[in-house]
Amino acid sequence: MDYPNLLEKAFDEAVPGASAAPAAGHDATTGNEAAAGDSAGAPQLLIWRQIRWSNRRPLIEVEPVVSGGVAEGAHNRASQAAGESAPIQESSPPQVYRPSGVRVQIPLTPGAYLGLRIPRDSEGELYRYCAGYTTGTSNDAAPETGGASAGIRRVPCPEGTRIHRGQQCPRCTARDEFTALHSAHLYPGTLTESMRAYAMLEHRLYIATFPDGTHKVGTSSLHSTPRRLDEQAVATATYIALAPDGLAIRRAEDAVTALAKIPQVKQVASKYRAWTNPLPGAQLRVAHQEAVARAREALAELARTEPEVPLTALDEPWIPSLAMNRPYAALRAQSPEPLAPCEPGLESGSAGFFCTGAAGQFLSAHTGDADAAFLVNTAAWRNVLVEPAQVFTRVRVQGSLF
């Protein structure tokens with residue numbers, strides 16, 4: 001039985017020139033017929049970009065590909081001529097697909113089927129494409145601000161570059177304006193005018209605790225609250241301070257890291273392990289309260305030593321949205337019943353399941369038995385070429401005993 005596939009909704013947008021998939025058994029760079037995109041009834045290719053959170057709801061963000069492109073070697077020579085370090089060379093044929101530059105957002109409907117195959121080239125490498133770069137905006141059309149006067153926007157990679165690691169090609173890394181914001185409180189002259197306008201927005205400081213009892217301190221702007229925490233796959237979190245701008249809040253963030261020893265980063269792989277091996281809820285609550293107390297002591301010390309930093313104390317909990325109910329149910333149980341881990345399909349070449357909810361970049365899912373639930377780390381697919389398919393993930397799950 002074939003199920004309606006969430007990924008196929010991307011082609012309802014009718015992206016001009018969207019390319020059909022190669023015939024079975026061929027890699028995605030071979031065959032002029034596939035490049036022409038005229039194979040009647042053939043499935044089509046997408047780049048999985050991410051799960052994006054908007055208005056407390058998860059959206060699958062994908063980008064169809066179009067026919068056309070340049071040989072990897074030709075692009076490498078152009079990069080070298082521009083003074084950049086060359087990407088890893090390939091012996092595969094010239095690529096005939098490129099990102100369309102149009103991202104499509106598909107609402108994640110509980111109970112919906114999602115299935116995909118993950119093609120590789122003749123060298124066994126994934127087709128991974130640059131995510132583009134971020135710039136500031138200072139006009140009424142700022143997409144991330146709901147019409148406010150300052151915000152940020154994503155720009156597609158102009159070259160549609162294929163990459164082998166990371167998220168960006170060297171050119172887009174150099175173009176990115178958002179990166180400088182993380183250290184702008186130390187080097188204020190590094191921001192562009194539009195990014196400085198964004199940095200001057202109201203910002204909050206939060207302490208987040210993950211299911212394994214570890215923590216991170218982070219910041220969110222006026223326009224990324226609560227979305228920033230929705231993206232983080234946290235178990236619980238509390239906003240502890242408010243500042244009139246992003247430069248002050250980052251000074252507070254550094255103080256919490258230095259004095260309370262709470263880091264600013266937790267890797268996605270570590271978050272995933274935390275979700276599949278959580279602590280009991282009571283231990284999590286105690287761990288979070290202790291981390292918040294340490295952070296407040298650090299901010300009190302900052303106020304004594306640097307009274308010019310304008311901070312207002314907050315005590316506002318972050319509340320999971322309804323879309324997160326299934327994964328968070330495993331944490332609310334008196335005895336945690338964690339979602340089982342599963343291989344995301346990079347080794348097997350495919351993945352398929354029924355979606356039941358989301359936490360950050362993770363999807364809770366099953367393959368027919370709702371009690372035999374597992375957790376899918378979609379971050380493994382980020383910027384990777386995929387093909388909608390009718391397949392099911394094979395995973396061993398012990399259902400509830402009660």
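Remark: Arg296 engages Asp315 in a side chain to side chain donor-acceptor pair (under 3.5 Å) (not counting sequence neighbours). Evaluation of the side-chain contact (heavy atoms from CB on, under 4.5 Å) rule for Ser54 yields Leu59 as partners, not counting sequence neighbours. Residues passing the salt bridge (charged side-chain N to carboxylate O under 4.0 Å, His left out) test with Arg56 are Asp230, sequence neighbours excluded. Residues passing the side-chain contact (heavy atoms from CB on, under 4.5 Å) test with Gln168 are Cys130, Tyr133, Cys172, Thr173, Asp176, sequence neighbours excluded. Shown here are the side chain to side chain donor-acceptor pair (under 3.5 Å) partners of Ser364, two or more places apart in sequence or in another chain: Thr356. Take Tyr239 and apply the ring pair (Phe, Tyr, Trp, His ring centres under 6.0 Å) test, not counting sequence neighbours, and it matches no residue. Qualifying side-chain contact (heavy atoms from CB on, under 4.5 Å) partners for Glu347, counting only residues two or more places apart in sequence or in other chains: Glu343. Applying the side-chain contact (heavy atoms from CB on, under 4.5 Å) criterion to Ala235, with sequence neighbours excluded, gives Pro211, Leu284, Leu331. Under the side chain to side chain donor-acceptor pair (under 3.5 Å) criterion, Arg128 pairs with no residue, sequence neighbours left out. With sequence neighbours excluded, the residues that form a side chain to side chain donor-acceptor pair (under 3.5 Å) with Thr225 are Ser220.
Checking side-chain atoms of Tyr129 against main-chain N and O of Cys157 turns up no donor-acceptor pair under 3.5 Å. In this structure, the side chain of Trp275 engages the main chain of Ala233 through a donor-acceptor pair within 3.5 Å. Here the side chain of Ser224 pairs a donor or acceptor atom with the backbone of Ser221 at under 3.5 angstrom. Under a 3.5 Å cut-off, the side chain of Thr192 and the backbone N or O of Met195 do form a donor-acceptor pair. Between the side chain of Thr393 and the backbone N or O of Phe353 there is no donor-acceptor pair closer than 3.5 Å. A donor-acceptor contact shorter than 3.5 Å links the side chain of Asp121 to the backbone of Glu123. In this structure a side-chain-to-backbone donor-acceptor pair under 3.5 Å is missing from Thr238 to Ile240.
Put simply, the side chain of Tyr206 does not reach to within 4.5 Å of the side chain of Leu314, judged on heavy atoms. Taking the side chain as every heavy atom from C-beta outward, Phe210 and Ser270 never approach each other to under 4.5 Å. In this structure, the side chains of Arg171 and Thr161 stay at 4.5 Å or more apart for every pair of heavy atoms. With contacts defined as side-chain heavy-atom distances shorter than 4.5 Å, the pair Met324/Trp53 qualifies. Counting heavy atoms from C-beta outward, Asp254 and Gln264 have side chains that approach closer than 4.5 Å. Using a 4.5 Å heavy-atom cutoff, the side chains of Arg117 and Val391 are in contact. Ile207 has its side chain within reach of Val256: a pair of non-hydrogen atoms, C-beta onward, lies under 4.5 Å apart. Two residues are said to be in side-chain contact when any heavy atoms from C-beta on lie closer than 4.5 Å; Asn277 and Asp212 fail this criterion.
Pro338 and Thr276 make their closest contact through CB-O, 3.6 Å (heavy atoms, listed as atom of the first residue, atom of the second, distance). The two residues Pro388 and Phe11 make their nearest non-hydrogen contact at CG-CE1, 4.3 Å. Shortest non-hydrogen contact noted between Ser194 and Glu177 is OG-OE1, 3.6 Å. Looking at every heavy atom in both residues, His223 comes nearest to Leu201 through CD2-CD1, 3.4 Å. Scanning both residues, Pro58 and Ala323, for their nearest heavy atoms gives CD-CB, 3.5 Å. For the residue pair Val66 and Pro99, the shortest heavy atom distance occurs at CG2-O, 4.3 Å.
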Step by step, would you call Phe392 with Tyr113 a ring-ring contact (aromatic ring centres under 6.0 Å, His included)?
CA-CA 10 Å; Phe392 277 101; Tyr113 171 77; 5.4 Å; yes
Evaluate the side chain to side chain contact (heavy atoms under 4.5 Å, CB included) criterion for residues Leu247 and Arg196: first the C-alpha distance (whole Å), next the side-chain angles of each, then the deciding distance (0.1 Å), finally the verdict.
CA-CA 9 Å; Leu247 304 185; Arg196 175 165 287 278; 4.1 Å; yes
Verdict with reasoning, Arg228 to Glu231, per salt bridge (charged side-chain N to carboxylate O under 4.0 Å, His left out)
CA-CA 5 Å; Arg228 180 60 181 152; Glu231 298 168 341; 3.4 Å; yes
Report the C-alpha distance between Arg154 and Glu63 in whole Å, list the side-chain angles of each, state the deciding distance to 0.1 Å, and finish with yes or no for salt bridge (charged side-chain N to carboxylate O under 4.0 Å, His left out).
CA-CA 13 Å; Arg154 184 200 58 82; Glu63 182 174 348; 5.2 Å; no
Apply side chain to side chain contact (heavy atoms under 4.5 Å, CB included) to Leu205 and Leu299, showing your working.
CA-CA 11 Å; Leu205 188 74; Leu299 294 183; 4.1 Å; yes
Gln267 vs Val265, side chain to side chain contact (heavy atoms under 4.5 Å, CB included): CA-CA, chis, key distance, verdict:
CA-CA 6 Å; Gln267 299 297 331; Val265 176; 3.6 Å; yes
Do Leu126 and Leu385 pass the side chain to side chain contact (heavy atoms under 4.5 Å, CB included) test, and can you show the C-alpha distance, the side-chain angles, and the key distance before you say yes or no?
CA-CA 7 Å; Leu126 297 169; Leu385 191 72; over 6 Å; no
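Between Thr109 atom OG1 and Arg57 atom CZ the span is 9.5 Å, to the nearest 0.5 Å. Atom CG of Leu114 and atom CD1 of Ile60 lie 4.5 Å apart (nearest 0.5 Å). Between Thr209 atom OG1 and Lys216 atom NZ the span is 11.5 Å, to the nearest 0.5 Å. Once rounded to the nearest 0.5 Å, the distance linking CG of Leu46 with CG of Leu7 reads 6.0 Å. Note that CD of Glu290 is 13.5 Å distant from CZ of Arg285, once rounded to the nearest 0.5 Å. Atom CG of Leu6 sits about 6.5 Å away from atom CG of Leu108, to the nearest 0.5 Å.
Residues in residues 376-386 take part in these side chain to side chain donor-acceptor pair (under 3.5 Å) pairs, two or more places apart or across chains: Arg49-Asn383, Gln50-Arg382, Gln167-Asn383. Judged as a salt bridge (Lys or Arg N to Asp or Glu O under 4.0 Å), the pairs with a partner in residues 316-331 (not counting sequence neighbours) are, in order, Arg204-Glu316.
Ring centroids of Tyr127 and Tyr97 are separated by 6.0 Å or more, keeping the two rings apart.
For the residue pair Thr219 and Glu253, no side-chain donor N or O sits within less than 3.5 Å of a side-chain acceptor on the partner. At a cut-off of 3.5 Å, with distance as the only test, no side-chain donor of Lys271 or Gln361 sits close to an acceptor on the other residue.
More than 12 heavy atoms of other shown residues, nucleotides or ligands fall within 6.0 angstrom of atom CD in Glu308.
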